[in-house]
Amino acid sequence: MGFFIFASVEIILFIINSCLDFSKEKQKKISLGLMFLIMFVFAALRGSGDGDYYNYLWFTRDIGTDMSKVFNFSYPVEFSFRLISYFINSLGISRQWVIVLMNLLSILPTFYITAKESVNPFLSVLIFLPIFIQFDMQTSRSATAIGLGFMAIYQNSKRNYLLSFLFFILALSFHSSSVILGPFLLLMHFDLGRAFKIFTVGLAFIISVFSKLMLSILSKLLTAMGLGRMGLKIISYTFEGRFASSMSFMDPRIVFAFLLFLTSLMYYNKTNIKKLSIEDTSIKAIWFSLVVYLLFRSSTAIAFRFATFFSILQMLYIPMVIKDIRKIDRLGAFLIGLSILLFVIPYFIYLLIEAPAYDFFFTNLNAITSLTN
């Protein structure tokens, strides 16, 4: 019930805000801020989840005020999580603050970029909701890494390279999956033509047929490099365990990414887009997310987690493409809008149905017990 109340509030706010004619930009940002604030409160106060919530609390309790565990790089969670756990324990405050801080680091960058760059920020929120439900509400460390990674990409597009690097390192320090950002941050600085994008997508499709073999080789390489924990995760997510499953070529997430990639080929080329602009960055992210989906599709968990670092830029791309083509191709704009109704909204509803029951941490006896013991 909690998820549906949250969804209803966000959709009602989207409808109201979309109908209002804001006379000042500040008023629009306040309304947008309210939508993100509701997301933050809903995530920060959660006291439930499919195991991850209780795992975070257990790790926080286990780390305690033991500085040796903070600098133990074989510990099962990344450095920044260990560090904030140490400080929260040192301050003697509730372990719930670990959840609060991680979700703040996820939501705040997303709000900032949306407010600064989206041509339709309320639509951007709607597009972000499935990511929010799957990450902020299910796996906060990944959500934190995605939010910080989003900021690393944004700062790179603004040529703030030191800030971009710092956000990249911070994202990596929360979740090792952030390593996928590295190649993209470099590729952002190259002019990528249509022929190159089509070729790389085709090559990724061919490689994806042998994706399991590729991931097996990657796991062995990581283990040989001393990154055995990452190698074991690849084996677990690809070949064994409850998360081991492949993505079909007809998986709606791949199909949607492919259709967005087609729109980028149809309506944009490198001659009419300024390099490193937010438009250029969004278009490249649409292409790169599809490549990542295909390359890693033998592991749904890996492919989806990696691709989300780039598919989050759909928040900026979809409103942009609707605005840009509305005058020259009304049918195209209509079809893109329709795709939101046929994919984003149904997908969001599906996630709400499949999501674990929601409880505030102060109303759930299991959460209260985990926080106090």
Side-chain angles (χ1 to χ4, degrees), residues 7 10-11 13-15 17-19 28 31-32 35-36 39 107 109-135 146-147 149-151 153-154 157 184 188 197 201 251-269 272-274 277-293 304 307-351:
E10 291 288 359
I11 291 172
L13 285 175
F14 165 74
I15 294 171
N17 290 331
S18 299
C19 294
K28 182 186 287 188
S31 295
L32 178 67
M35 296 182 77
F36 274 102
M39 278 190 273
I107 296 294
T110 308
F111 164 67
Y112 176 82
I113 298 168
T114 303
K116 293 278 287 186
E117 300 295 343
S118 178
V119 298
N120 187 338
F122 306 122
L123 177 58
S124 293
V125 172
L126 206 65
I127 295 165
F128 176 64
L129 288 179
I131 294 175
F132 173 78
I133 290 295
Q134 288 180 286
F135 287 94
I146 290 166
F150 194 10
M151 184 61 83
I153 292 172
Y154 177 69
S157 74
F184 184 74
M188 285 174 63
K197 291 177 182 176
V201 166
D251 186 292
R253 290 165 290 193
I254 293 180
V255 172
F256 191 60
F258 178 72
L259 293 175
L260 289 179
F261 171 64
L262 284 183
T263 65
S264 73
L265 297 179
M266 291 169 60
Y267 299 111
Y268 300 104
N269 61 65
N272 61 12
I273 296 293
K274 182 181 177 183
S277 63
I278 201 67
E279 293 83 5
D280 179 55
T281 301
S282 301
I283 292 164
K284 285 175 180 172
I286 294 302
W287 156 73
F288 200 73
S289 67
L290 176 59
V291 170
V292 169
Y293 268 129
F304 181 58
T308 303
F309 281 98
F310 314 104
S311 63
I312 192 173
L313 275 91
Q314 291 175 9
M315 295 176 64
L316 306 180
Y317 176 79
I318 293 175
M320 177 188 77
V321 72
I322 291 175
K323 176 179 178 289
D324 287 349
I325 71 172
R326 186 178 295 159
K327 294 180 180 179
I328 61 173
D329 187 355
R330 290 185 178 181
L331 177 60
F334 170 76
L335 291 175
I336 293 169
L338 185 63
S339 71
I340 296 172
L341 293 175
L342 295 179
F343 174 79
V344 176
I345 301 300
Y347 186 40
F348 178 54
I349 293 171
Y350 166 77
L351 293 174

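Small disclaimer: the values here were computed from a predicted structure and weren't measured.
S282 pairs with exactly one of V321, L316, I153, I273 by the side-chain contact (heavy atoms from CB on, under 4.5 Å) rule, that one being L316.
The shortest distance between side-chain heavy atoms of Y317 and I127 does not fall below 4.5 Å. Between Y268 and D324, the closest side-chain pair of non-hydrogen atoms falls below 4.5 Å. Contact of the L313 side chain with the F150 side chain is registered, since non-hydrogen atoms from C-beta on lie closer than 4.5 Å. For the pair M315 and T110, the minimum side-chain heavy-atom distance is below 4.5 Å. Contact of the K116 side chain with the I278 side chain is not registered, since no non-hydrogen atoms from C-beta on lie closer than 4.5 Å. Residues T114 and L32 form a side-chain contact, since some pair of their non-hydrogen atoms from C-beta on lies under 4.5 Å apart. P109 places none of its side-chain heavy atoms less than 4.5 Å from the side chain of Y112. Annotation: side chain of D280 is not in contact with side chain of M188 (no heavy-atom distance under 4.5 Å).
Side chain of S18 to backbone of I15: no donor-acceptor contact under 3.5 angstrom is found.
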Any chance you could lay out the side-chain contact (heavy atoms from CB on, under 4.5 Å) test for L129 and M39, step after step, and finish with the verdict? CA-CA 9 Å; L129 288 179; M39 278 190 273; 4.0 Å; yes
Working note: K284 + F310, criterion side-chain contact (heavy atoms from CB on, under 4.5 Å); need CA distance, chi angles, decisive distance, verdict. CA-CA 9 Å; K284 285 175 180 172; F310 314 104; over 6 Å; no
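Ring to ring, F36 and F132 are not that close: their centroids are 6.0 angstrom or more apart.
For CZ of F258, the number of neighbouring non-hydrogen atoms (other residues, nucleotides, ligands) closer than 6.0 Å is 12 at most.
Between F288 and F184, the angle of the ring planes lies from 30° to 60°, which puts this pair in the tilted group.
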